[in-house]
2 protein chains.
Amino acid sequence: MDAETQLAHAPPGTKDSLRLWLRLLTCATLIETEIRRRLREEFATTLPRFDLLAALDRNGEGLTLGDVSRRMMVSNGNVTGLATRLEAEGLIERRLDAEDRRAFRLRLTAKGAREFARQSRAHEGWIAELLGELTATERAELHRLLGRAKSSIRESLDTP
Amino acid sequence: MDAETQLAHAPPGTKDSLRLWLRLLTCATLIETEIRRRLREEFATTLPRFDLLAALDRNGEGLTLGDVSRRMMVSNGNVTGLATRLEAEGLIERRLDAEDRRAFRLRLTAKGAREFARQSRAHEGWIAELLGELTATERAELHRLLGRAKSSIRESLDTP
DNA sequence: CCTGCATGTTTTAAGCTTAAAGCATTGCGG
DNA sequence: CCGCAATGCTTTAAGCTTAAAACATGCAGG
C-alpha cells in the first residue's frame, strides 16, 4: 500500500492538514532563512541573539534566564550559552536578583540597547518588505486564521 | 524615541506585518517542537532524518545529495552528515551515479522504506490532530492565503 | 526545625546547521 | 585539445539546540 492509498483511507481532512502544514513551514523557513542571512551580513549577528535582545528590550526591568527561556520557547541550557556570549560582547549584563539568590536578572547594557535599536529598525523593514504584496485585508484575515490554528494546536497539546 | 513611537512613523502595514510574522512563527514553532518530540519518543529519530527519508520516499529512482539539499532547503554540507548517519544505520544507501562520476545517488533501503512508512503514518495523524479544530473551509482559506504570502516572499527575494 | 519537592541555573554529550575553503569531475568555448 | 568556469561533494570551525543529570536555593507542611 503506497502513501497515496493510505491517505485515501485516512480520516477526512488528513491530506489537507498535511498540505497546510507544509505550506506554513515553507513560509516560515523562507522568511527565517532570509532574516538570518541579513542579520549576519548587515549586523554580524544571529537570530537567537537578536531574539534574546528583543525579549530584554521589551522588559526594561530585566528578566531571569528562566523567563527568557519560556518567552523564546527554548531550553534553559540554551539561554545560559547565549547569555554568556552576549555578556562577553558587552550587550547585556547579569545582575544578582535581590529577592532570589538562585536567580540572575539579565538586562540590556546601554551599548546593547543602542545596537538592538538599529537591528530592530532594519528587521521591521525586512518583514514589511517580504510580506509587502499582501493587502491589508489579506494580512488581517491571515492573522485571524493563524490565531485559530494556534488555538487548535494549543488545545491539542493541552488535552492529552 | 521608543519602539512604539518608531512604529507609528513607519510605513503603514509595518506593524501588521510584524504581528503576522510573529504569529506565523509561533504556529510553526509549536508544531515543529511537538513533531520533534514525538519522533524522538516514538521512533528515536529526528526531524531532519525524517525529512531526508521523506524526500527519498517520494523519489524512488534516487536523489543526489545536491537534489536533497535543494529540496530540504539546507546546505549541502549538512546533507553529507545526515546521509552518513542514515547510511550507517542501514536506512539508506549511496550508489555511484552511472552518468556523473562526481555524484552519488541516495536511495531508501528496504529497511529504510519500512521504517519510513511507519513514521509517515504516525506523522500524518499528528498533524491532522494538531490542526483538527479548523473547519475544512478554514483550512482551505488558510492554505490559499499562505500561498499568497509565499508568492510575496519569493517575489521579494527574487527582485533585488 | 527539617524533610521533601519545586524552581533556577549550569554542565555535558550528541546532533544539527551554516559559511567558507578545498578537491574532483564535467562540459563548454576557443 | 586546453583552459577554466560550473557543478558535486566533503571538511572544518563555530555556533545553536536539546535532554538529562547535577547542584543550589526556596518554600511549605508536618
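Just so it is clear, the structure is predicted and the values come from calculations on it, not from any experiment. Just so we're on the same page: letters track the sequence lines, and every chain starts at 1. The analysis underlying the following values was restricted to heavy atoms, covering all of them including side chains, and did not include hydrogens, waters or symmetry mates.
A salt bridge is absent between Glu61(B) and Arg105(B): the closest approach of a Lys/Arg side-chain nitrogen to an acidic carboxylate oxygen does not fall below 4.0 angstrom. Under a 4.0 Å N-O distance rule, the pair Lys111(B)/Glu115(B) does not qualify as a salt bridge.
A straight line from CG of Leu96(B) to P of dT25(C) spans 12 Å, rounded to a whole angstrom.
Put simply, CZ on Arg38(A) and CG on Leu130(A) are 5.5 Å apart, with the number rounded to the nearest 0.5 Å. Once rounded to the nearest 0.5 Å, the distance linking CD of Glu124(B) with CD of Gln119(B) reads 12.5 Å. The OG atom of Ser17(A) lies 8.0 Å from the CD1 atom of Ile127(B); values are rounded to the nearest 0.5 Å.
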TODO: At under 4.0 Å between heavy atoms, which parts of nucleotides 3-9 of chain C does protein reach? Answer with one letter per nucleotide, 5' to 3': B base, S sugar-phosphate only, - none.
DONE: ---BBSB
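Within residues 45-54 of chain A, no residue has a heavy atom under 4.0 Å from DNA chain C.
Looking at heavy atoms from C-beta onward, Arg71(B) lies out of side-chain contact with Leu56(B) at the 4.5 angstrom threshold.
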- [ ] Step by step, work out the side-chain contact (heavy atoms from CB on, under 4.5 Å) result for Val68(B) and Leu52(B).
- [x] CA-CA 7 Å; Val68(B) 173; Leu52(B) 177 37; 3.4 Å; yes
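With ring centers used as reference points, Phe50(A) lies under 6.0 Å from Phe116(A).
In this structure, Gly77(A) and Gly81(B) both approach DNA chain C, and ranking their closest nucleotides by distance from the 5' end singles out Gly77(A).
In the displayed structure, Glu99(A) atom CD is contacted under 6.0 Å by at most 12 heavy atoms of other residues, nucleotides or ligands.
Think of the region where chain A sits on DNA chain D: with heavy atoms and a 4.0 Å cut, that region ends 5' and 3' at dG15(D) to dG26(D).
Residue Arg40(A) is in sugar-phosphate contact alone, with no base atom involved, counting any heavy-atom pair closer than 4.0 Å across all strands shown.
Of all heavy-atom pairs spanning Ala83(A) and Leu65(A), the tightest one is CB-CD2, 4.4 Å.
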